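What you see is a predicted model, and the numbers here were worked out from it, not measured in a lab. In what follows, chains are A, B, ... by sequence order, proteins preceding strands, each numbered from 1.
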Amino acid sequence: MNREVVITGTGVVSPLGDSRGEVHEALCAGQTALKSVQGFDTPGIEPPLAGEIADFDPVAYLGSRNLRPLDRTSKLLTTAAKLAAEDSGWTAEMLAEHDVGLVVGTMFCSAHTISQFDQRGLREGPSRASPLDFANTVINAASGQAAIWHKLSGLNSTISAGSTSGLQALAYAVDMIRSGRATALLSGGVEELCYETFFGFYNSGSLCNSPGRDQPMPVPFDTRRNGFFLSEGAALLMLEEAESAAARGARVLAEIKGHGSAFDCRSSSRADGHSELLADAIVRAVQAALDDAGLTAADVQAVSASANGSRADMTEATALAQTFNGQTDRLPVTAIKRMLGDQLGAAGAMQTIDMVETIHDQRLPGIHGLEDVEGTLPGSVSDLTREFEVETALVNSVGLDGNCCSLVIAAHS
Amino acid sequence: MRVVVTGLGAVTPIGTGREDFWTSLLEGRNGFGDVTSLDISGYKVNRGCELRDFDASPYFQRQDPNSMGRTSHLAVAAARMALGDAGLDADSYPSERAGVCIGTTSGEPLVIEELDDCIVGECLDESDKHFSYRYPCHVIAAHVAREFELGGINQVIPTACAAGNYAVAYAMDALLAGRADVMLAGGADAFSRITYTGFYRLGAIAPDICRPFDLNRSGMIPGEGAAMVVLESEERAQRRGARIYAEMAGYGLSCDAFHMTGPHPEGDGAARAMRMALKSSRSNREDVGYICAHGTGTKASDKAETKAVKQVFGDGAYQIPVSSIKSMLGHTMGAASAIEAVACASTLSEGKIPPTANWETPDPECDLDYVTSGARDQQVEVVMSNAYAFGGNNASIVLKRYRG
């Protein structure tokens with residue numbers, strides 16, 4: 001396993017911008033994506049709040065060619081793929097000539113299309129359901145559509161591991177490149193905001209603006225936090241085998257040093273608050289990532305946490321404190337879901353992209369509005385954006401069903 | 001390091017459990033019937049491969065099956081059978097070194113269908129409350145992991161109708177990379193109104209029976225099911241004296257990047273996946289003694305697959321038995337290639353090739369040896385199993401006879 005994996009480009013579509021630089025500036029300035037939703041009707045809820053890309057215009061990125069078969073999720077992903085390819089110096093001709101693959105993490109993929117397809121059949125009879133929509137009801141629809149649009153003929157995988165899907169997709173892609181099954185893969189995640197998922201989370205009481213909340217307080221690690229806010233976006237990284245990237249003269253943004261994952265199989269159900277069992281699984285995932293990278297906890301200089309403002313944030317805080325064994329005072333930790341919202345299947349990839357930018361400009365976004373820190377990370381979290389030397393960083397992703405994934409990235413040596 | 005298959009579990013429209021399923025396959029039994037789980041009155045076809053009388057409760061010990069969707073039921077059932085078949089229980093592996101990877105097309109479709117019923121019927125209440133945590137497809141692997149204390153890798157690969165092969169392939173890589181000691185891998189899908197309606201609207205459902213590679217083939221038949229295999233290193237399997245069905249030797253993945261629902265007409269992407277699978281498994285094309293076809297029974301798919309096989313194997317293609325077990329159990333979506341992996345492992349260990357059932361009339365464009373006159377006694381050294389999917393996904397895996 002001597003093949004190393006480098007990041008040569010990124011593509012982002014998010015409510016805080018469409019490039020990693022723009023998103024990073026917004027995060028460092030403490031801007032929030034939380035605002036009134038325009039994309040769907042919300043009977044009985046005023047105002048519904050979420051991180052919506054209200055002005056998303058795929059034509060501005062892709063032109064109007066061949067967009068009709070694509071639903072919103074596919075358009076987000078296809079746009080991110082275009083931006084990532086351009087950023088990494090892959091032309092459309094190069095993409096079509098080489099077996100570039102696509103590995104996409106998603107939690108719901110096209111839930112809205114699926115529901116609409118089914119509802120039309122129910123309302124008007126099955127003979128009125130749309131065959132064009134049916135193509136988009138499979139959970140790999142977005143990766144299939146993006147592959148067709150960009151002529152990506154390499155392996156095409158979709159990974160679902162809850163809100164860790166995006167980071168798991170990167171992990172999968174890293175292994176594919178290391179083992180020689182691929183040399184260049186676009187990898188990351190996508191999630192759309194839609195009626196079905198918004199109301200699902202809203203009614204399950206998970207959101208900071210679910211029924212019964214006075215005021216949204218999606219502030220990770222803060223004692224006053226009362227849930228996360230739902231968001232959307234697509235985030236893709238161009239991952240390449242290091243020697244092959246060097247041979248084509250590619251600019252290298254950072255290296256992926258290792259990854260690890262674990263599952264909390266002992267909890268009887270999904271985590272609702274603090275869970276020692278889930279904390280154990282997070283510790284195992286982080287340790288596995290460090291081992292895979294050939295590093296120790298002392299080598300890590302910054303952490304992007306999964307925390308999103310849920311009660312379960314304490315679980316991750318406990319796990320990080322345990323992993324870094326009392327060293328957390330010197331270890332800056334950020335939680336960008338405070339500003340961006342939870343992009344679910346895209347979140348881990350978005351965190352990774354922002355950490356690439358942190359390694360580039362040596363600034364770690366603060367956790368906007370954090371005042372009253374609960375528990376175990378008092379020295380490491382801050383509402384202030386901090387400047388410091390960071391070459392090696394950990395990206396963490398935790399799903400409340402028990403999925404845990406960690407990734408170590410580092411400046412290119 | 002070699003990865004071997006030591007346990008097989010299957011829930012299929014023609015039999016539950018490895019032995020039942022295998023017996024039905026060799027007998028050429030059909031699993032087709034009228035659709036019972038959905039109101040069929042608005043459809044012009046009425047043919048499905050449903051699991052009748054499937055009761056999930058005997059397969060659960062640690063969770064309440066009522067707290068989850070049907071696809072999870074099928075996956076847990078297949079997983080319990082596979083682990084039992086392998087002689088494993090939660091005490092026989094370190095939890096953190098045991099993982100699970102499951103392929104699916106639709107995840108938990110009945111959960112979103114319930115939501116849709118409520119939206120259309122304007123009765124939103126409870127279903128909306130549990131939608132966000134019962135619907136996302138990763139819960140299938142989460143449920144299997146909780147039931148059998150699998151604390152390692154946990155992933156669902158929803159790559160539609162090729163997903164079972166993707167999952168088995170990924171599990172193999174996880175073992176090779178040293179990320180796990182034991183992996184459960186397979187696929188699961190529940191019979192779904194959305195899937196049935198979609199294939200109905202594509203005009204893809206056969207009105208009577210499924211006849212892959214027959215001149216008069218008229219389509220596929222949607223089904224449901226699950227299958228899981230236990231994968232571990234040869235060394236570990238030998239150490240614990242496990243029965244080894246086969247070696248999981250390699251795979252190839254590609255994307256047509258051509259059409260969402262139809263194959264590339266020449267089968268180019270499929271051929272690339274097969275070539276990669278041969279290379280990855282260090283096999284020569286002359287070694288392959290059986291091809292377990294995707295063979296859905298649609299005009300375009302069977303023709304493209306036949307062309308792809310000829311592209312890869314040349315004149316040798318005519319010497320290789322090729323059969324489609326979908327002729328008997330219909331198309332079980334994301335479970336299909338996992339069920340086919342169970343069939344392939346059994347083929348290698350038992351020396352018998354399952355037939356293509358229901359075949360009557362030769363098609364000049366499908367002119368390979370489709371094993372059309374019943375199961376065949378034949379010891380095979382290397383099998384290739386093909387799976388193709390929406391999105392232009394192609395996945396071929398290669399299994400080899402295990403000789404110790």
So, the part of A:Glu196 with a heavy atom under 4.5 Å from chain B: the answer is both

One option among A:Ala147, A:Gly162, A:Gly125 has the most heavy-atom pairs under 4.5 Å with chain B, and it is A:Gly162

Chain A shares the most heavy-atom pairs under 4.5 Å, among B:Thr197, B:Ile157, B:Leu253, B:Ile194, with B:Ile194

Okay, A:Ala141 and chain B: the region with an atom under 4.5 Å from a heavy atom over there is both

| task | Assign the ring pair A:Phe134 / B:Phe199 to parallel, tilted or perpendicular, where the plane angle (0 to 90°) is split at 30° and 60°. | result | perpendicular

Ranking A:Thr158, A:Leu155, A:Val138 by heavy-atom pairs under 4.5 Å to chain B gives rank one to A:Thr158

One option among A:Ile159, A:Thr137, A:Thr106 has the most heavy-atom pairs under 4.5 Å with chain B, and it is A:Ile159

Nearest heavy-atom approach of B:Gly48 to B:Phe191 is CA-CE1, 4.2 Å

Heaviest contributor of heavy-atom pairs below 4.5 Å to chain A, chosen from B:Gly269, B:Ser95, B:Ser67, is B:Ser95

Turns out that what part of A:Ala111 lies under 4.5 Å from chain B's heavy atoms comes down to both

Turns out that what part of B:Ala141 lies under 4.5 Å from chain A's heavy atoms comes down to neither

Bottom line for A:Ser268: the part with an atom under 4.5 Å from chain B's heavy atoms is backbone

Applying a strict 4.5 Å limit to non-hydrogen atoms, the region of A:Asp264 in contact with chain B is backbone

Cut-off 4.5 Å, heavy atoms of chain B, and the answer for A:Ser269 is backbone

Assert top hit (heavy-atom pairs under 4.5 Å, partner chain A, pool B:Asp268, B:Ile102, B:Thr261, B:Ile112) equals B:Ile112

Most heavy-atom pairs under 4.5 Å with chain B, out of A:Arg123, A:Arg284, A:Arg181, A:Gln168, belong to A:Arg181

Cut-off 4.5 Å, heavy atoms of chain B, and the answer for A:Asp99 is side chain

Whatever's closer than 4.5 Å to a heavy atom in chain B on A:Phe117 counts as side chain

Are A:Asp292 and A:Arg178 ion-paired here, with the side-chain N under 4.0 Å from a carboxylate O?
-> yes

